[in-house]
Amino acid sequence: MAVAGRLMTRRVMGKLAFFTLADETGPIQLYIDKASLEAAHPHNPDVFSQITSLTDAGDWIGVHGTLKRTDRGELSVKVSDWRMLSKSLQPLPDKWHGLADVEKRYRQRYLDLIVSPHTRETFRRRALLVSTMRRWLDDREFLEIETPVLQSEAGGADARPFATHHNALDLPLTLRIATELHLKRLVVGGFERVYELGRIFRNEGISTRHNPEFTSVEIYQAYADYHDMMVLTETLIATCCQAVCGTTEIEYQGTAIDLTPPWTRATMHELVQRATGLDFTTRAEAAAAMAAQELLVPEAADSVGRLLVEAFEQRVETSLIQPTFVLDYPVENSPLARTHRSKPGLVERFELFIVGRETANAFSELIDPVDQRRRLEAQQERRRAGDPEAQTVDEDFLHALEVGMPPTGGLGIGIDRLVMLLTDSPSIRDVIAFPLLRPEGRPEVGSDAMG
RNA sequence: GGGUCGCUAGCUCAGCGGUAGAGCAUUCGGCUUUUAACCGAUUGGUCCUGAGUUCGAAUCUCAGGCGACCCA
């Protein structure tokens with residue numbers, strides 16, 4: 001038989017040697033016996049000293065041989081021939097401790113992957129999750145269509161974009177912060193089920209839950225509303241969990257999480273009321289009541305709706321450990337969601353929380369171009385007043401709505417956070433192969449320090 | 001943005017005012033059933049950077065860099 005792989009450990013004892021050879025499927029021991037190896041190479045009496053002295057841990061080698069069980073019972077390949085496939089010029093990390101330095105793990109992920117089976121498993125699971133999700137959507141006639149990453153105006157979310165520039169057109173461009181507005185244009189164009197799973201970019205801070213580029217899937221389904229999207233969300237995520245973990249009852253950082261549908265549904269109003277006893281009727285009343293409970297009352301929260309969200313974020317969000325759909329957000333915070341069919345001041349929107357983290361966001365989409373214009377103009381007004389994350393008016397998008405969009409349910413899921421959940425990873429950097437880090441080394445002397 | 005902690009050999013770490021250290025890895029020698037092999041020897045350093053205190057700084061102080069965690 002023939003095997004190839006990376007040499008991980010070497011134990012040479014006189015006329016007998018044991019190597020551990022690893023390929024993607026795992027390790028196998030090589031049994032190298034001087035007498036038998038020389039018998040197979042009558043014209044090369046140095047063959048044993050060559051294999052034991054020319055190889056290092058880290059080298060890629062290929063061997064021929066026969067299967068054998070050693071006296072200690074380990075399945076091994078008794079080597080009859082070998083060849084160097086690729087020489088490693090750098091030593092491997094400590095074979096026992098591995099790479100303990102987390103910074104090095106992220107900066108030199110290739111080393112982390114070589115020595116940490118757990119890291120390899122995380123990225124296998126990530127790939128499995130993504131492929132399972134695509135297959136599930138494809139099986140249900142959702143069409144994946146790629147929309148532009150480079151945009152004149154970033155829209156579809158409250159976030160700051162990265163700025164770039166097209167040379168030939170001398171055109172300032174931004175990287176997308178969401179795929180929403182283009183996918184909706186496709187629904188206007190007649191595609192009733194569309195999605196895009198891909199990278200989006202937000203120019204904001206880095207933390208254990210934020211990387212400036214991350215992966216989302218946005219899904220749009222005509223003739224559906226946010227209730228339909230809840231069923232879709234719990235079914236899709238439970239399917240992915242089953243595929244990746246083999247069960248829908250998992251553990252995250254020591255806490256049992258049950259992803260078996262159906263999941264809890266509760267309105268934001270109910271949850272805040274339950275947690276604080278507060279009812280929100282007017283802004284002034286709510287502010288006073290919140291202050292009395294030692295909740296922060298930011299000035300930017302200039303309406304009863306924004307205060308409700310504040311109270312939710314301060315008192316409820318992190319307590320939503322089991323999967324929970326939070327329903328019916330204030331209209332002020334949701335410029336792209338359809339107004340609620342029966343509750344004034346609210347929109348038909350939900351966010352999904354798992355282990356206290358926002359994992360998905362969905363609406364009955366706003367399809368009324370008049371209302372949409374009014375809401376985007378209100379956003380633009382906030383932007384002028386100094387909120388850099390407020391949205392802008394995308395005239396072409398409004399034009400598309402004027403052409404006519406069918407009633408549609410839309411959903412966005414953060415893939416990285418879902419992978420964290422399903423791989424029991426505490427940091428988003430553990431599920432992104434090459435997370436953004438500051439460059440190493442000293443800043444250049446003389447570079448102008450603006451700001 | 002604030003706080004705490006970390007940065008010493010390729011890797012994992014000790015040293016915490018008085019000659020820069022260990023284990024593994026490297027290199028050399030020995031060894032035919034090892035599996036963190038073992039035994040003997042060898043090699044390897046901008047102690048993150050800079051300034052200060054001191055007779056003397058990896059060690060104390062200040063500033064900076066990079067990272068981790070927590071908080072906002």
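To find a chain, count down the sequence lines: A is the first, B the second, and so on, and within it residues start at 1.
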For atom P, what is the distance between G64(B) and G44(B), given to the nearest Å? 37 Å
Face-on cation placement of Lys78(A) at Tyr31(A) ring, 6.0 Å and 45° thresholds: no
Just checking, Arg349(A) and Phe363(A): is the charged tip under 6.0 Å from the six-membered ring centre and within 45° of the axis? no
Under 4.0 angstrom, heavy atoms only, what part of the nucleic acid is [X] near: base, sugar-phosphate, or nothing?
{"X": "Leu437(A)", "value": "sugar-phosphate"}
{"X": "Ala35(A)", "value": "base"}
{"X": "Arg438(A)", "value": "sugar-phosphate"}
{"X": "Arg429(A)", "value": "sugar-phosphate"}
{"X": "Val12(A)", "value": "base"}
{"X": "Thr20(A)", "value": "nothing"}
{"X": "Lys68(A)", "value": "base"}

Between Arg10(A) and Tyr31(A), which is nearer to the 5' end of RNA chain B once each is assigned its nearest nucleotide? Arg10(A)
When you match Lys15(A) and Thr9(A) each to their closest nucleotide on RNA chain B, which lands nearer the 5' end? Lys15(A)
I'd like to know if the side chain of Asp59(A) pairs up with that of Ser88(A) as donor and acceptor (distance under 3.5 Å, no hydrogens or angles considered). no
Side-chain donor-acceptor contact under 3.5 Å, Thr179(A) with Glu218(A): yes
Residue pair Met133(A) / Ile415(A), side-chain heavy-atom distance below 4.5 Å: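 SC-SC contact between Met133(A) and Ile415(A) confirmed.
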What protein N or O atoms touch nucleotides 5-14 of chain B N or O atoms at under 3.5 angstrom, if any, and at what distances?
from	atom 1	to	atom 2	distance (Å)
C11(B)	OP1	Lys104(A)	NZ	2.8
C11(B)	O2'	Asp94(A)	N	2.8
C11(B)	O2'	Gly98(A)	O	3.4
C11(B)	O2	Asp94(A)	OD2	3.1
U12(B)	OP1	Ala100(A)	N	3.1
U12(B)	OP1	Asp101(A)	N	3.2
U12(B)	O2'	His97(A)	NE2	3.4

Scanning both residues in full, the closest heavy-atom pair of Thr260(A) with Glu249(A) reads OG1-CG, 4.1 Å
Starting the side chain at C-beta, find the nucleotide from G67(B), U32(B), U26(B) nearest to Asp56(A).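 Given the options G67(B), U32(B), U26(B), the side chain of Asp56(A) is closest to U26(B).
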Qualifying residue for salt bridge (charged side-chain N to carboxylate O under 4.0 Å, His left out) with Arg265(A), from Glu270(A), Glu351(A), Glu234(A):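 Result: among Glu270(A), Glu351(A), Glu234(A), Glu234(A) is the only option passing the salt bridge (charged side-chain N to carboxylate O under 4.0 Å, His left out) with Arg265(A).
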